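Notes follow the structure.
Note that this is a predicted model, so its numbers are computed, not measured. Counting starts at 1 for both ligands and their atoms, following the listed order.
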Amino acid sequence: MMKVAIIPVTPFQQNCALIWDDETGKGAVIDPGGDVPRIMAAISDQKVSVETIFLTHGHIDHAGGADELAKALGVPIHGPDRRDKFLLDSLPETGLNFGVSAPAVTPDEWLAEGETINIGGQVFDVLHCPGHTPGSVVFINKAHKFGVFGDVLFRNSVGRTDFAYGDTDALITAIKTKLMVLPDDFSFICGHGVASTIGAERRSNPFIR
Ligand SMILES: [Zn+2]
């Protein structure tokens, strides 16, 4: 069975996700934004053998701890889409603004629309959903109707697009054409706050009417 643990990290309370198969113990970490000792503690508490770190996008609260965690675990970093390279390259400067030290991240592999990734034996599709950042991706597992959406879609909200590189039209188009086509009982965790379902957002999210 697929298990999921949410580890809120950084002052932004970003939802780092630890996902694993409870029979094999194999799994992955998605968006280790910081507080790496806390993530390491969760991995050891659940006795997960982490094989890969995945990133949904290049923002510091999602990627700031990726380099440290990758080195501590000896695992590769995959994602996001390469259009977020400028964000990952500038993490040290961004960190200065927030008073944290975050090394730049050089992913071992970029991810692209249509690819699949493996988390503990489960297959997740990679969907490119730009707008919050140019290289944002989400991960969806059709078999379990479960996804990790980063900062693309939230409960009753959507990712902010007020950055110089933000694109509201692209974000809403991606949500409508790639996510709202999923079934009502498809559940997802987002980068911040509580989880939701596609059905709940179809009914009440004011940004995608
Ligand atoms: Zn973000």
Side-chain angles (χ1 to χ4, degrees), residues 6-19 28-36 38-39 53-70 77-107 110-113 117 124 126-140 147-176 178-179 188-196 201 205 207-208:
I6 303 294
I7 309 142
V9 295
T10 81
F12 301 96
Q13 290 291 292
Q14 195 277 123
N15 290 327
C16 172
L18 175 62
I19 302 177
V29 173
I30 301 179
D31 286 356
D35 296 325
V36 170
R38 197 183 304 164
I39 300 170
I53 292 167
F54 295 104
L55 299 178
T56 61
H57 65 293
H59 278 157
I60 191 164
D61 51 331
H62 293 253
D67 186 73
E68 184 184 345
L69 186 66
I77 299 169
H78 291 184
D81 179 282
R82 72 170 65 245
R83 277 162 273 207
D84 269 10
K85 181 176 191 299
F86 73 104
L87 290 170
L88 295 173
D89 287 344
S90 62
L91 285 175
E93 293 77 26
T94 309
L96 289 177
N97 297 329
F98 295 111
V100 297
S101 84
V105 169
T106 304
W110 298 104
L111 293 173
E113 170 84 19
I117 61 170
F124 285 70
V126 177
L127 302 181
H128 179 222
C129 293
H132 174 66
T133 69
S136 281
V137 295
V138 306
F139 305 120
I140 66 168
V148 179
F149 285 3
D151 286 353
V152 172
L153 179 64
F154 296 100
R155 184 171 188 164
N156 285 329
S157 189
V158 297
R160 57 186 286 197
T161 52
D162 58 330
F163 307 104
Y165 49 81
D167 186 334
T168 307
D169 289 346
L171 179 71
I172 300 301
T173 298
I175 291 171
K176 284 185 172 172
K178 298 183 181 180
L179 304 184
F188 64 92
I189 55 177
C190 25
H192 307 266
V194 294
S196 186
E201 298 319 303
N205 192 316
F207 294 90
I208 49 175

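For the pair Glu113 (side chain) and Leu127 (backbone), a donor-acceptor distance under 3.5 Å is absent.
For His59, the N/O/S atom at the shortest distance from the Zn ion (ligand 1) is named ND1. Checked against the Zn ion (ligand 1), the N, O or S atom of Asp151 at the shortest distance is OD2.
In this pair, Tyr165 and Phe163 present their aromatic rings parallel. The plane angle is below 30°, not in the 30 to 60° band.
Within the 2.8 Å limit, Asp61 places no N, O or S atom next to the Zn ion (ligand 1). At a cut-off of 2.8 Å, His132 coordinates the Zn ion (ligand 1) through an N, O or S atom.
Put simply, CG on Leu55 and CG on Leu88 are 6.5 Å apart, with the number rounded to the nearest 0.5 Å.
Judged as a salt bridge (charged side-chain N to carboxylate O under 4.0 Å, His left out), the pairs with a partner in residues 89-103 (not counting sequence neighbours) are, in order, Lys85-Asp89.
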